[in-house]
2 protein chains.
Amino acid sequence: MKHDRPKLRDVARLAGVSTATVSRALSNPDMVSEDTRAAVHAAIEATGYRMNLAARNLRHQRTGGIVALVPNLANPFFSQILSGIASVLGPAGYNLLVADTTGAGPDLLLDYAEPSRADGLIVLDGNFPMVALEPGRVPVVQACEWVPGLPAARVKIDNRAAAGVAVGHLLDLGHRRIGHVTGPANNVLTEARIGGVRDRLAEAGLPFPDEAVYQGDFSLDSGRQAAGQWLTQPRDSRPTAVFLASDAMACGFIGEVQRHGLSVPGDVSVVGFDDIELIAHIAPPLTTIHQPRAEIGRLAAERLLAQLRGESQADGDTILPVELLIRASTAPLAI
Amino acid sequence: MKHDRPKLRDVARLAGVSTATVSRALSNPDMVSEDTRAAVHAAIEATGYRMNLAARNLRHQRTGGIVALVPNLANPFFSQILSGIASVLGPAGYNLLVADTTGAGPDLLLDYAEPSRADGLIVLDGNFPMVALEPGRVPVVQACEWVPGLPAARVKIDNRAAAGVAVGHLLDLGHRRIGHVTGPANNVLTEARIGGVRDRLAEAGLPFPDEAVYQGDFSLDSGRQAAGQWLTQPRDSRPTAVFLASDAMACGFIGEVQRHGLSVPGDVSVVGFDDIELIAHIAPPLTTIHQPRAEIGRLAAERLLAQLRGESQADGDTILPVELLIRASTAPLAI
DNA sequence: ATCCTTGTTGCAACCGATTACATTATGCCT
DNA sequence: AGGCATAATGTAATCGGTTGCAACAAGGAT
């Protein structure tokens, strides 16, 4: 008998008012008189009514959801960003939808920018198809990575400067041959960070030869492979310090170096990037660039919400500060 | 002029047919003649029509979304599970909504079990309010953790047995005083794992005194604190080997022990739980119980989809195998 | 006493698709 | 030629709330 969920109409009938009144009692309480409001609430209580969000959203032309497009969900780097995003979206009454962009064609990705799918988009992937901001598509905020031509808000760090700081630290320690393990090709972060390295070395009047550049892809394994290359290079010409574009790679690098009987920082100083959870606790604790991930997520979400409220301009960068955390994986150049 | 998005009606008008026909051309192509289908598609092309999902979902009484309830999104342990879930849900045409349960009251959590919010629920938190399966709520699958009385499908590992295997390994190495760092109180995993330890020790005729149990909460820091306690205990009566209920805690434990000049596994053997990404590459590489996280996510999603299709019974456990990975953090008892 | 303002409430259109049912056209059978 | 099954399409109700507009009552100002 009570198999069907009660609808607004049922509540209205029981309370002896129209559906319009019930609707108003719920979403615009001040528009209905004290008495009716009470009657309506009693009826809601009695029927166990719960509103159908799909219907409301259809009428309101909104979905109540924000999509976060992540390059690789399995990468723990993103979990804290998502956590930051969720911490803002939840209280604001929005759902967080998460989608992994790996293996998704441009068509599928653009689908997420449909107003009937989500009210907004937080893009963590620098390879998002640029058409995203066509009229009739939802507002977009980019976080961490960004799409070069895309006129959407960005929340990020200054990767170029951060890389410069990392290299500067190694220079301060007396290192003169400094290597760099890059991120994947065609990635804005890769470009920015390698640019920062190049700039800083040039500023110091030091060379940056091709042999000092190791192609990586942010993954632990690519860091190990970079170490493999480094190990084969002649001891007296290879880098005495290496800056890697991710902590995961730094981990792999250190592991491989140690496996070959060499020591960090004894034989090579290592600086990572990101400051992911565990790397403060490995041996040796990793010197790295701290990136405020949760904060990036929070701010990205907040900027998006501001746009949805029409409060904020749709572009402009928010640059968050990074911090060089000096731990035990770097040491003065041994003479 | 073309500011509004075209609707079904616009396509119909342009194609010279009714909205019903357009709708059918899209969702039931065989019901319309070849000619009309072509005309409709031409009109769709011409107008740039894209369907409004909210409207379709309202009519279909579905949302196209599955919610994953995560105890703590920032914990990288869950990112791979989510990745597994997403890899199944995406291709099946479902959106993945992610919600963090920390700080959410029972009311809010139950809200996620509303049919107008999501079509199904994957619960990764053992403290979900039990009422979830009231009639009129959506199907639920539990993954990793589970709610004791809840008659919903479960995808998990045998935590008790896994803990037994971990302890067995330490026994095989000759250890007789074995400690355990637990998860948080009121957690089913904590209970199951400590139970497994107790069983295995009893089986071996060994005691399991209170001093050998350290209260943790899965976090890195609680592992460090446990090490602090262990370090204060008398050398000749404290455990010579410790099994920790999470890798994060094992990491913290090892770090703290090393910081005090002791060695792992020289002074204490350590076994973790989970096999998270990096711990194979720390020094020493951590011996641990591998948990197939992506697979857990995939299977949970598949069981839920099967339920949504009405293909599968709504309860019953799926138990996945674990694996003891012996690395370098455990060694035979020094005599 | 009349007009106007303010506060409540109902009617009915509306959001944008889907689909049961009705209608029309076509082809085949006897 | 009449009857009937079949295919293709249109009409309009429907999913479940929201909201512009109108109606009406009560109180105040003139």
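Naming convention: chains lettered A, B, ... in sequence-line order (proteins, then strands); numbering from 1 in each chain. Bear in mind that the values here come from a model prediction, so they are computed numbers and not experimental data.
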* Value in whole Å for how far the P atom of C:dG16 lies from CG of B:L58 -> 12 Å
* Structure fact -> Whole-Å distance, B:E34 CD to D:dT9 C1', equals 16 Å
* **Phosphate-side-chain proximity, B:S33 and D:dA7, N/O vs OP1/OP2 below 4.0 Å** => no
* Asked: Rounding to a whole Å, what distance do you find between B:N57:CG and D:dG16:P?
  -> 13 Å
* To do: Taking only the side-chain nitrogens and oxygens of A:Q61, find out if one of them lies under 4.0 Å from OP1 or OP2 of C:dC14.
  => no
* Asked: What is the distance from CZ of B:R9 to P of C:dA17, rounded to the nearest Å?
  -> 10 Å
* Asked: Which nucleotide in the list C:dT9, D:dA8, C:dA17 gets nearest to the side chain of B:N52?
  -> C:dA17
* Roughly how many Å is it from CZ in B:R13 to P in D:dG10, rounded to a whole number? -> 14 Å
* Would you say the side chains of B:T318 and B:R303 form a donor-acceptor pair under 3.5 Å? -> yes
* Asked: Can you give one letter per nucleotide of nucleotides 18-24 of chain C, going 5' to 3': B for a protein heavy atom under 4.0 Å from the base, S for sugar-phosphate only, - for none?
  -> BBB----
* Would you say a side-chain N or O of B:T36 is under 4.0 Å from OP1 or OP2 of D:dT9? -> yes
* Asked: If only atom types and distance count, is the side chain of A:D119 paired as donor or acceptor with the main-chain N or O of A:T63 below 3.5 Å?
  -> yes
* To do: Determine: side-chain N/O of A:Y49 to OP1/OP2 of D:dG17, distance under 4.0 Å, yes or no.
  => yes
* Gap between atoms CE and C1', on A:M31 and D:dG20 respectively (whole Å) -> 10 Å
* **B:E295: partners by side-chain hydrogen bond (donor to acceptor under 3.5 Å, both in side chains), with sequence neighbours left out** => B:R298
* Asked: A:D35 CG to C:dG7 P: how many Å, rounded?
  -> 16 Å
